[in-house]
Each structure stands twice: as structure tokens, then as C-alpha cells.
There are 2 protein chains.
Amino acid sequence: MTIEWRADTVRMIDQRLLPAREVIRTYRDYRGVAEAIRTMVIRGAPAIGVAAAMGVALGMKGTAGAKAKKRFEVVAKALRATRPTAVNLAWAVDRMGRVLEENISLDAAELFARMRAEAIAIYTEDVAANRSMGKFGAELISDPAVVLTHCNAGALATAGYGTALGVVRAARDAGKKIQVFADETRPFLQGSRLTAWELHKDRIPVTVIADNMAATVLAQNKISCVVVGTDRTAANGDVANKIGTYPLAVMARRHGVPFYVAAPLSSIDLDCPDGAAIPIEERSGRELTEYGGKQLTPKGVSIFNPAFDVTPAELVTAIITEKGVAYPPYEQSLRALKNKR
Amino acid sequence: MTIEWRADTVRMIDQRLLPAREVIRTYRDYRGVAEAIRTMVIRGAPAIGVAAAMGVALGMKGTAGAKAKKRFEVVAKALRATRPTAVNLAWAVDRMGRVLEENISLDAAELFARMRAEAIAIYTEDVAANRSMGKFGAELISDPAVVLTHCNAGALATAGYGTALGVVRAARDAGKKIQVFADETRPFLQGSRLTAWELHKDRIPVTVIADNMAATVLAQNKISCVVVGTDRTAANGDVANKIGTYPLAVMARRHGVPFYVAAPLSSIDLDCPDGAAIPIEERSGRELTEYGGKQLTPKGVSIFNPAFDVTPAELVTAIITEKGVAYPPYEQSLRALKNKR
């Protein structure tokens with residue numbers, strides 16, 4: 001359980017504490033949801049899209065008409081400000097805004113019911129998209145296969161099943177013999193904490209390495225393919241994803257290993273011409289200087305902590321979506337899939 | 001103070017505890033020194049060479065003649081077994097062995113004095129080599145310059161001054177405006193703990209990044225050159241160094257940034273034809289699964305933890321030694337410097 005709507009509250013597992021402790025947080029208003037996204041109680045582009053939609057629904061409770069419109073501006077602004085790179089968040093807020101416009105004549109109770117239904121639909125559609133991506137992606141996976149992944153693009157990064165790990169799960173469910181190498185993914189350790197936890201629970205063999213060891217396992221011909229998620233993919237196929245994805249793609253290319261991106265259509269931003277137009281979030285230096293309350297780095301030292309990088313489209317073998325697999329040139333193939341009915 | 005011989009004991013600062021605590025450990029026998037090397041109380045190829053020489057001297061105390069020869073075999077074996085990749089360790093033990101052979105006719109007190117003098121000479125020569133490397137290397141550094149480094153090849157990795165950081169210090173001392181980006185260097189965090197500590201004390205501006213962020217700072221044209229140390233460089237110029245050096249060299253090449261290796265001649269192994277012949281140490285998975293006694297990774301998950309990787313010679317712009325700078329083809333240039341009087 002990554003996130004759920006229950007009795008008009010939003011419940012999330014606190015991903016900062018995994019795998020040591022499984023703590024469920026309950027949020028009753030949009031401010032709590034915004035803070036949960038900002039502090040990474042929940043993370044992963046599709047998951048924070050769902051969280052933002054649910055946050056909007058919570059925020060609209062008890063309002064209608066002009067008041068609802070005004071309230072939406074406030075709520076949307078707060079949620080949008082939490083994390084800039086993943087486009088799913090803005091996409092989900094925009095979608096909730098359109099539903100508000102269409103239903104602005106309803107009374108408060110009816111409007112809230114409609115907003116809640118839309119947030120739950122975004123949740124449900126995300127699981128379905130992951131299942132579909134899994135099926136398309138699984139066809140690209142050899143049997144047996146050793147898949148290298150970075151960060152966590154699993155059930156914990158989505159409403160369920162996962163994008164990159166959805167491909168791994170679908171390949172395994174199709175009877176293929178799969179094992180995974182997981183980059184630990186500094187500084188937040190989504191790989192060693194979250195990906196390892198998910199796969200271990202699912203009995204998919206997983207080996208954790210430091211990010212800087214991926215080049216060695218690629219050079220040793222241990223890896224069949226790389227599969228990662230994305231926070232935003234531009235119209236030309238440039239892929240923003242967790243910091244460290246770009247050098248991983250360079251090393252995969254150097255060693256002749258296919259590099260696949262699992263990207264729900266909600267993460268593909270045709271309004272972004274290329275990677276240079278994607279805003280890259282910088283996070284607090286404390287993610288690097290501290291662990292578990294312990295100071296690692298001498299006080300007074302500068303830190304640079306970009307949370308994402310951009311992998312140029314030329315390094316991406318294929319982009320797996322819920323409507324099929326896109327190949328270069330991505331300008332055409334991504335647009336075609338986005339417009340597919 | 002990294003290591004010193006005092007009153008027939010070997011004293012080291014415990015690098016596992018830096019920068020939080022500055023604790024000096026004192027060793028009275030070779031077993032303690034071997035354990036200190038194995039557990040990384042002291043680390044860095046030149047520093048563990050000095051430590052091994054001092055360990056041999058401690059181990060020979062009170063022996064002479066045939067007994068001394070036998071004792072040396074035991075001591076040398078224990079020290080050699082601690083860490084396989086850095087050739088300085090074997091080089092220092094071999095050098096102590098030759099001095100033993102030459103002085104085997106001395107009585108126990110005289111023999112110990114001779115062995116002790118040799119260990120101290122290895123210490124002193126290392127500092128001098130670093131100063132000399134610094135001078136040669138500083139000429140390669142622009143003014144101003146932003147130097148990217150990996151791991152710690154500083155005073156803490158040597159008898160003093162440092163190899164890669166010796167080049168940085170010499171450039172600064174020559175009046176150049178220098179700042180440093182330091183990879184944190186997982187899993188042992190030599191960058192964020194040790195390099196940051198050294199440079200901060202020396203008032204050289206330093207910015208710490210996660211290893212997986214180096215590609216981003218290179219892509220942003222922030223870096224003038226990369227300078228790293230080495231644990232063993234093969235006759236053809238292939239460079240074994242801390243895990244993560246190889247992908248860093250690939251990214252430097254991709255972004256047109258020179259990649260320099262500071263290599264004391266003691267770390268250049270002409271008996272190793274190329275990188276494939278260099279043994280790569282694998283260390284305990286606990287370096288990745290735990291921090292400060294806290295479990296990061298779910299129990300039962302596999303870990304792969306190679307401590308070094310090999311950077312092919314084709315990615316190395318130049319190798320800085322205490323007798324001058326070697327350029328490709330390294331087969332000739334390294335041999336020439338090794339044989340230079």
C-alpha cells in the first residue's frame with residue numbers, strides 16, 4: 001500500500017522510514033498532503049500525481065461556486081510548489097481543475113463527490129497503466145534476464161505494481177527467470193531501501209550495489225538491460241529521472257546494453273521540447289550531510305544536491321508506455337502514442 | 001597526522017570516525033597494524049604502504065638471523081593479506097624484506113634499528129614524492145580552476161600532503177585560485193568525510209556531491225579537470241582506483257574534461273601488463289547495508305561491493321608522478337619514469 005483514499009482521508013506509508021519501520025500516515029487536509037510530498041513521505045512521479053489529485057479533492061471539501069474556484073487556486077498553488085520536476089503532479093492538478101470547471105454548478109457535497117471520484121479514477125488508471133506498461137515492456141526482456149535499475153520505480157512510486165518494476169514483475173509473471181541489480185540511489189537510498197524491500201517481498205532476487213558500481217557490473221557483462229522510470233520525458237525523448245540516470249545510460253551504451261524507460265503517458269510532456277526545458281529540483285544539502293541524525297560531513301562545507309538529471313534521447317533504446325513501445329525518432333513516436341485512442 | 005612512528009609504536013588517526021571524532025590509535029605489534037589496515041582505520045594506497053612497512057618493523061623487534069627470516073614470512077603474509085589491490089602495500093613489504101636480507105648478519109637490536117629506519121624512510125620519501133608530484137601536477141592546473149576529485153587522495157591517504165590533493169595544494173600554493181568538487185564516494189564516504197575535512201581545514205573551497213551527481217556538474221561545464229589517485233596502475237596505463245573512478249573518467253571524456261591521475265612510482269606496477277591483471281578487492285556487504293549501526297537495506301538481500309574499478313588507459317589524459325608527467329603511450333612513458341635516476 002503506497003497511498004489510498006479511505007473515509008475521506010488520504011493514507012500513505014511513510015517511505016522515509018522503510019524498510020526499518022512500516023508506518024501509515026493519515027492526512028485530513030491538502031496542507032498535510034503537500035507537506036508529505038515535499039518531505040518525501042511519498043515520492044515517485046506517478047505516486048505524487050495521485051497524491052496531488054487526492055490533495056486537491058481534500059482541499060475542495062465544503063466549497064462550491066466562486067468560492068470553490070478561489071479555493072482551487074490556493075490548493076493547486078500549494079501542491080504545485082512541492083516538487084517541480086515530475087510533470088505528473090502538475091498533470092494531475094490540471095486534470096482536477098478541469099473537472100472542477102465542468103462541475104462548478106454542483107452544490108458542495110456533489111462537487112466534493114465528483115472531485116473525490118476523479119482522484120480515485122487517477123489512482124485506478126495508474127494501476128491499469130502500470131499493468132499495461134508491464135505487458136508491453138515484458139516483451140523486451142530476455143529469458144533469463146538480469147535487469148539493472150536505478151532509484152525506485154516500483155509499487156511504492158505509483159498507485160501500485162510499478163513502472164520499471166512493473167516491467168520486471170510482468171516478465172516474471174510471464175514465466176521468465178528474472179533477477180535485478182538495484183543501485184542504492186544516493187542520497188535518499190530509494191534503491192537499497194525501497195526497491196530492495198519491494199522485490200524481496202515479491203521473491204524476485206535482488207542485489208544492491210552503490211551507484212558507482214553500476215559501471216563495473218555493466219563492464220562485467222552481468223546485465224541484460226537497464227530499465228528505469230521517469231519524472232518527465234520531453235517531446236524529443238530526453239528523459240528527466242532520478243540523479244544518476246544519465247551516467248548510467250552513458251555506461252549502458254558504452255557496454256552495448258539496451259536502456260529502457262518505463263513512462264506512463266502522464267509523465268510525457270509534449271509541451272517541453274527537450275530536456276533543457278525541464279526544471280531540475282535542488283534539494284536540501286542535509287540529504288548528503290546527515291544520516292539518521294548523524295553528521296557525516298564537516299560543518300561549513302558546501303553541498304550541491306540536484307535531485308534529477310536529463311538523459312539525452314540518443315541514449316534511450318525505447319520508451320515503454322501503456323499504449324505501446326516508442327522507438328526513435330521520439331518526436332513522432334511519443335506524439336503518436338499520446339494521441340492514440 | 002595520518003600515521004607516525006613514536007617510541008616504537010605506530011600511531012594513526014582512526015579514519016572511520018572522521019570528521020565527527022579525532023581519535024588516535026596506538027599499535028605495538030604487527031597484528032594490530034594489519035587489523036587497522038583491514039578495517040580501514042587507515043586507508044589510501046601510499047598510507048597503507050607506510051603502515052605495512054612500520055608493521056613489518058614492529059614485527060621484527062627482538063629477532064635476528066634465521067629466526068628473523070621466519071618471523072618476516074609470517075609478518076609479511078599477515079600484512080599482504082589485508083588488502084589486495086593497492087600495490088604500495090606489497091611494494092613496501094618487499095622493500096622491507098630486501099633490507100632484512102641485506103642486514104641479516106646484524107644482532108636483534110641493530111636489525112630492528114635498521115628496519116625501523118627503513119620504515120621511517122618510506123614515510124619520509126612518500127611526503128617528498130607528494131610534494132614533487134604536486135609541483136609537476138600544478139603546472140597542469142588552470143587559473144582559476146575547479147577540480148573534481150573522487151575518494152580521498154589527500155594527506156589522509158598518504159604520509160602527508162596527498163597525491164591528487166597534493167596537486168590541488170601545490171596549485172593553490174602557486175597562487176592559483178582553486179576550488180574543488182568532491183564526490184562523497186560510497187560506501188565508505190572518503191569524499192564527504194575525509195576530503196571535505198582536509199580541504200576545509202586547509203581553507204580550500206570544497207563542494208560535496210553524491211557520486212551520481214558528477215555527470216551533472218561535468219555536463220554543466222563547471223569542471224576544469226578531474227584529478228584522482230590510484231591504488232595500482234598497470235604497465236599499459238590502466239588505472240585501478242576507488243570504485244566509481246571508471247564511470248567518472250568516461251563522463252569526463254564525454255564532456256571534454258581532462259582526466260589526470262596522481263600516481264607515486266610506488267603505485268605503478270610494471271609487472272602488471274594491464275588492468276585485467278589487477279586483483280579487485282570485494283569488501284563486506286555491511287558497508288552498504290548499514291550506517292552508524294542502523295540497518296538501511298532489508299535483511300536477506302544480496303550485496304555486491306567491489307572496492308575498486310579499472311579505468312582504461314585510453315581515458316587517462318596524463319599520469320603525474322614524482323619524477324614527471326607521463327603521457328600516452330604509457331607503455332613507454334611509465335617505464336621511462338620508473339627507470340629515471
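Naming convention: chains lettered A, B, ... in sequence-line order (proteins, then strands); numbering from 1 in each chain.
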Checklist line | Any A/Pro298 side-chain heavy atom under 4.5 Å of B/Glu198 side chain | finding: no
Check: So what's closer than 4.5 Å to chain B heavy atoms on A/Met251: side chain, backbone, both or neither?
Finding: side chain
Checklist line | Best-contacting candidate, A/Arg193, A/His150, A/Glu287, A/Lys201, against chain B by heavy atom pairs under 4.5 angstrom | finding: A/Arg193
Check: Between the main-chain N or O of A/Thr297 and the side-chain N or O of B/His200, is there a donor-acceptor pair closer than 3.5 Å?
Finding: no
Notebook entry, point to check: What part of A/Ala219 gets closer than 4.5 Å to chain B, counting heavy atoms only: side chain, backbone, both or neither?
Noted result: side chain
Note to self: Determine whether A/Gln220 and B/Phe304 satisfy the following criterion, side chain to side chain contact (heavy atoms under 4.5 Å, CB included), listing intermediate values before the conclusion.
What the structure shows: CA-CA 13 Å; A/Gln220 291 174 346; B/Phe304 178 51; 3.8 Å; yes
Checklist line | Options A/Ala210, A/Ser192, A/Pro187, A/Gly285, ranked by heavy-atom pairs under 4.5 Å with chain B, top entry | finding: A/Ser192
Notebook entry, point to check: Of the listed residues (B/Asn212, B/Thr216, B/Val250, B/Leu248), which shares the most heavy-atom pairs with chain A below a 4.5 Å separation?
Noted result: B/Asn212
Check: Any idea which of B/Asn305, B/Val310, B/Leu189, B/Leu18 has the most non-hydrogen atom pairs under 4.5 angstrom with chain A?
Finding: B/Asn305
Check: Tell me, do A/Tyr246 and B/Arg254 make a side-chain contact under 4.5 Å, heavy atoms counted?
Finding: yes
Notebook entry, point to check: For the residue pair B/Ile303 and A/Thr207, what are the closest heavy atoms and their distance?
Noted result: C-CG2, 3.9 Å
Item checked: side chain to side chain contact (heavy atoms under 4.5 Å, CB included) between B/Met213 and A/Leu288, intermediate numbers included -> CA-CA 12 Å; B/Met213 296 165 190; A/Leu288 280 157; 4.3 Å; yes
Checklist line | Which portion of A/Lys242 sits near chain B, non-hydrogen atoms under 4.5 angstrom | finding: neither
Check: Any idea which of B/Leu296, B/Ile209, B/Asp309 has the most non-hydrogen atom pairs under 4.5 angstrom with chain A?
Finding: B/Leu296
Check: When only pairs under 4.5 Å are counted, which of B/Pro205, B/Ala20, B/Pro247 shares the most heavy-atom pairs with chain A?
Finding: B/Pro247
Checklist line | Distance, nearest 0.5 Å, that separates CZ of B/Arg186 from OG1 of A/Thr185 | finding: 11.0 Å
